[in-house]
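So the structure is just underneath, and the comments pick up after that.
Owing to the predicted nature of the structure, the values given are computational and were not obtained by experimental measurement. The chains referred to below are lettered A, B, ... by the order of the sequence lines, with proteins before strands, and numbering in each begins at 1.
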2 protein chains.
Amino acid sequence: MAGQVQRQTGVALWRQIADRIRQAISAGAYDETGMVPPETVLALQFGVNRHTVRSAIAALAQEGIVRAVQGRGTLIERKERLNFPITKRTRFTAGIGEQAREMRGLLLSYSEEKADAEVARGLKIRPGEPVVRMETVRKADGRPVSCATAWFPAGRFGGMPDAYKRTESITKAFAELGLSDYVRATTEITAVHADEADTAALELAPGAILLITKAVNTDLEGVPVQYAISRFAADRVQFTIEN
Amino acid sequence: MAGQVQRQTGVALWRQIADRIRQAISAGAYDETGMVPPETVLALQFGVNRHTVRSAIAALAQEGIVRAVQGRGTLIERKERLNFPITKRTRFTAGIGEQAREMRGLLLSYSEEKADAEVARGLKIRPGEPVVRMETVRKADGRPVSCATAWFPAGRFGGMPDAYKRTESITKAFAELGLSDYVRATTEITAVHADEADTAALELAPGAILLITKAVNTDLEGVPVQYAISRFAADRVQFTIEN
DNA sequence: TTTAAATGTCTATTGATATAGACAACTATA
DNA sequence: TATAGTTGTCTATATCAATAGACATTTAAA
């Protein structure tokens, strides 16, 4: 934990410190003890007052990452970061494999609408053609991992929302609708600060970072079957691209 | 620009709004006019005071993204976001192609050291074996895009720092050292808040987001030749994975 | 030359953020 | 059972962030 913390940036010191400690935990920096260093030590390291460190730790405790015990110290409760391989065979549920016991996809809402320019480009259809839009949130062991907005060609996959609601999986829903296999064609990745809606849906520490993917899945003939914008809690996941 | 802005998150409203406007500009939301909406309109949209919007715009002006002109409005000066395809053939310089006129890689420092566990794992060598470490910053048309820390096996690529300093390109430096071709084996992507050092090196708006890649390049026999941790200014780049 | 619309500047007030110090309460250990 | 080390709580103060209102200044168009 080398670098210092910045002042007057519009990002409160306690938030910066919380982010740094969260990352240090995730990187295994405190694995030997299973505890975060004492508040006085952290305050010295970051060059801030102990009370500022306490604010950071309170935020991490709120997230359920650490638990402060009077007289003992601050214990690390969780340190996982889910890994998502991005390949031709990218699947949310199966890709997680043994990293979580249970993966669920929940349908928040859906509607039929006309494709805008972006969706049309992704699905290789004409703007204005009908598409089914689904808003979903995906959880690993009950912990929200990502929100997604997905579009499907309405003609071929009008039954998507219903199938997804039952199966809680895109792959299984596709299978129910007669598409036994599909491949990831393209993925774009960016990062932004989370907005209010995603903060709520993902139970994020407010002000957290989202990793955004825009992905196109096609059938085996290369015809686009899904265009999706997914928003991942950046402190809970990482992506891996194997070539 | 649908979602609202969050209060009491440790991230100041003016910073959140600056991030949102920057993204809207990048997405081409204001292309028709080439201007950001008036301060009063933005204040209404975000549900904040005009002065708060002014703070956000001042930050964007500081970044050189917009220029406020009294009596006229706030003009958009820059809106680019560089795209980095991540493939077997991922190259920083060549990958940029026509998106920038000039790509340069600058060597900040280098040293020979012993591989720690992480580097050893990436390079498939034993911890403690000698490696050459290089700290670099890469610029597109003079604008910093990423900082990188790269490790190379010392025996085979001890001349890396010198070659890189002359060629300003990893690909060309490899070529000088007898490696005419190499491929990207794996890439991991995460996102964090920038620390002080990277904020300075990348000339970032303080508190900005970094996209982090951890990448392994190998020669054509699959022997690792480079392990690199690159830190990209998230508001200036996106990654694309084509499968 | 007006006038509307936009940004620029100033004052004032409130709440969040950060620092500082003192001391209480609890835990583990010598 | 002391004692050192740790987290918890309290008070006080200074600075930053955000709101509010008023008015000046500049631009472009009527």
Problem set entry | Length of the line joining A:Leu42:CG and D:dG5:P, which is rounded to integer Å | 17 Å
For this session: Round to the nearest Å and state the distance from A:Glu39 atom CD to D:dT9 atom C1'.
Result: 12 Å
Exercise. Rounded to the nearest Å, what distance is computed from the CG atom of residue B:Leu44 to the C1' atom of nucleotide C:dA6?
Worked result: 16 Å
For this session: Round to a whole Å and report the spacing from CE of A:Met35 to C1' of D:dG5.
Result: 11 Å
For this session: Applying side chain to side chain contact (heavy atoms under 4.5 Å, CB included), name anything that partners A:Ser109, two or more places apart in sequence or on another chain.
Result: A:Glu135
Problem set entry | Short side-chain N/O contact from B:Arg54 to OP1 or OP2 of C:dT7, under 4.0 Å | no
For this session: Just jot down the side chain to side chain contact (heavy atoms under 4.5 Å, CB included) partners of A:Thr240, sequence neighbours excluded, or say none.
Result: A:Asn83, A:Gln238, A:Glu242, B:Glu188
Seminar exercise, completed: 5' to 3', nucleotides 18-27 of chain C under a 4.0 Å protein heavy-atom cut-off (B base, S sugar-phosphate only, - none) gives SBBB---BBB
Problem set entry | Spacing between B:Ile17 atom CD1 and D:dT19 atom C1', to the nearest angstrom | 12 Å
Exercise. Taking atom C1' of D:dA18 as reference, at what distance in whole Å does atom CD of B:Gln16 sit?
Worked result: 13 Å
Seminar exercise, completed: Residues at least two apart in sequence or cross-chain that pass side chain to side chain contact (heavy atoms under 4.5 Å, CB included) with B:Gln62, listed by chain then number, are none
Problem set entry | Side-chain donor-acceptor contact under 3.5 Å, B:Ser146 with B:Arg236 | no
Seminar exercise, completed: Residues at least two apart in sequence or cross-chain that pass side chain to side chain contact (heavy atoms under 4.5 Å, CB included) with B:Val216, listed by chain then number, are B:Ala185, B:Thr186, B:Thr218, B:Pro224, B:Tyr227
Problem set entry | Short side-chain N/O contact from B:Thr74 to OP1 or OP2 of C:dA6, under 4.0 Å | no
For this session: Could you name each residue pair satisfying salt bridge (Lys or Arg N to Asp or Glu O under 4.0 Å) that touches residues 41-59 of chain A, not counting sequence neighbours?
Result: A:Glu39-A:Arg50, A:Glu39-A:Arg54
